[in-house]
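Given the structure is predicted, the values throughout are model-derived calculations rather than measurements. Letters A, B, ... mirror the listed sequences (proteins, then strands); counts begin at 1.
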2 protein chains.
Amino acid sequence: MSAERIVDVALEMVDHDGVDGLTMRGVAAKLGVAVTAIYWHVGDKEALLDAVADRVAAEVGGIRVTGADPVTRIVSLGRSLRRNLLERAHLVAIAHQQGRTAAVFQPARRVLVRELTAAGLRGADAAFSVQAVLALVSGSVLTQVQVERAPESRDKPEELWTIGDVAAAPDLLEFLADPIDPEQLFTRSLDTLVRGLVASRPGP
Amino acid sequence: MSAERIVDVALEMVDHDGVDGLTMRGVAAKLGVAVTAIYWHVGDKEALLDAVADRVAAEVGGIRVTGADPVTRIVSLGRSLRRNLLERAHLVAIAHQQGRTAAVFQPARRVLVRELTAAGLRGADAAFSVQAVLALVSGSVLTQVQVERAPESRDKPEELWTIGDVAAAPDLLEFLADPIDPEQLFTRSLDTLVRGLVASRPGP
DNA sequence: ACCTGAACACCGTTCAAGT
DNA sequence: ACCTGAACACCGTTCAAGT
């Protein structure tokens, strides 16, 4: 028995069943120990959640960068990060909940600074661009995380468009009816954003 | 006693204390009634959450549009929507959790279609632009909602930058040290995105 | 039709007691 | 130092029973 082992199984439970799947009694049972032993090693549930979040911040958030030109490389970085985070959506959710989002993004932030500098951005523009790209990734992941939590979404896009003044834009109906793939939406948004950011730099 | 009154106080409790502040027993106590009466009128807690989310979708998500040129108008729409949603962050969170996000965004979506059409976008480009703008708003709101939930964030931006190869971009340190105002970040990102979207339309 | 009371299984947490 | 057992206050939910 050690704090480390406790966090091990806690992280495992969160990864598998989400935050709601983590109970003090469940952790104790999985370790074959009395519930109260947990309290001695890691403190109460809030402390356990913090410990799990710390571990997530250390283990999640890896990226890969490919491509030749700056825009392609930055977009590939964003896509890689997003994919990585979505693979462990439950863990990302708990890190975010415990206020460790910035730590999760730290490895990506460092690489991103390098790539944006290589793209010619400097000073305040570069700093803003870092935040903007990471915010887009964060937003995309968080939006999708909670959607996955409720697998049978009650929203029917078709219904949403049958009511109201659709006559205002009839040529859009066919496109708005079927929902866009989240990954495509993210990639194209990121591409548009990054082009705009890079274009704002002073000319050579 | 009626399902409507029950949803009234449930929504009030969520708005005030968040999702965790809502308990069946709490609702019953506030109505001066036995817990089990709730079950007769609205069913179990999941059903109550759904009912609250439906109400949120109907009452939240208003927008205002100002400005003359298309980009200004669309950015103002996004800012207005974001502000509106953040004012009732707890309610937005529950609507999202129950899979009613699309419904919350429906009023804004309709206006956005009009504005993007006025900006010259058509067909698939317009449809994508709608989703991209709304996704940016959604992401910004969700990111900030959970941050508010944990008021004392454990992440210290300064600490995050003291470790590692900061020498790679020393001129950025002063800008990356102090966190960017979320509203400024959102506004500038949205502006950049919208300019890119509008610029992608075929010339006149 | 509408509401109550008792009961059940499950939480997180504390605390005295053991070794 | 480390772990247990009993106990407490709080959940959501069911079900028989009342009117």
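- For Pro70(B), the side-chain contact (heavy atoms from CB on, under 4.5 Å) criterion is met by Ala119(B), not counting sequence neighbours.
- Counting to the nearest Å, the P atom of dG12(C) and the CD atom of Glu46(A) are 12 Å from each other.
- Residues passing the side-chain contact (heavy atoms from CB on, under 4.5 Å) test with Val56(B) are Leu11(B), Val52(B), Val60(B), Leu91(B), Ile94(B), Ala95(B), sequence neighbours excluded.
- One can place NZ of Lys45(B) at 12 Å from C1' of dC10(D), the figure rounded to the nearest angstrom.
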Anything under 3.5 Å between a protein N or O and an N or O of nucleotides 4-8 of chain C, put it in a table, one pair a line.
residue	atom	partner	partner atom	Å
dT4(C)	OP2	Ala34(B)	N	2.7
dG5(C)	O6	Thr36(B)	OG1	3.3

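- Scored by the side chain to side chain donor-acceptor pair (under 3.5 Å) test, Ser189(B) finds no partners at all (sequence neighbours excluded).
- Glu87(B) is linked by a side-chain contact (heavy atoms from CB on, under 4.5 Å) to nothing, counting only residues two or more places apart in sequence or in another chain.
- Under the salt bridge (charged side-chain N to carboxylate O under 4.0 Å, His left out) criterion, Arg55(A) pairs with Asp8(A), Glu59(A), not counting sequence neighbours.
- Every residue was checked against the side chain to side chain donor-acceptor pair (under 3.5 Å) condition with Ser129(A), not counting sequence neighbours, and none meets it.
- Salt-bridge annotation for Lys45(A) and Asp50(A): absent, with no side-chain N of the basic residue lying under 4.0 Å from a carboxylate O of the acidic one.
- Checking dT13(C), dC3(C), dG12(D) against every side-chain atom of Tyr39(B), the shortest atom distance belongs to dG12(D).
- Whole-Å rounding puts the Met24(A) CE to dG12(C) P distance at 7 Å.
- In this structure Glu183(B) satisfies the salt bridge (charged side-chain N to carboxylate O under 4.0 Å, His left out) test together with Arg79(B), sequence neighbours excluded.
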Note to self: Dot-bracket, 5' to 3', for DNA chain C please: Watson-Crick or G-U pairs under 3.5 Å, [ ] where pairs cross earlier ones, | where the partner sits on another strand, dots elsewhere.
What the structure shows: ||.|||||...|||||.||
For residues 27-39 of chain B, tabulate all N or O donor-acceptor pairs below 3.5 Å that involve a side-chain atom, not counting sequence neighbours.
none

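- Remark: Thr23(B) pairs with Arg25(B) by the side-chain contact (heavy atoms from CB on, under 4.5 Å) rule, at least two apart or across chains.
- Residues from residues 5-13 of chain B that place a heavy atom under 4.0 Å from any atom of DNA chain D: there are none.
- Remark: P of dT13(D) and CD1 of Ile38(B) are 12 Å apart, rounded to the nearest angstrom.
- Between Asp20(B) atom CG and dG12(D) atom P the separation is 11 Å, expressed in whole Å.
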Note to self: side chain to side chain contact (heavy atoms under 4.5 Å, CB included) for Leu81(A) and Phe105(A)? Distances and angles first, verdict last.
What the structure shows: CA-CA 9 Å; Leu81(A) 178 59; Phe105(A) 282 89; 3.7 Å; yes
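- Contact between the side-chain N/O atoms of His41(B) and the OP1/OP2 oxygens of dC3(C) is found at a separation under 4.0 Å.
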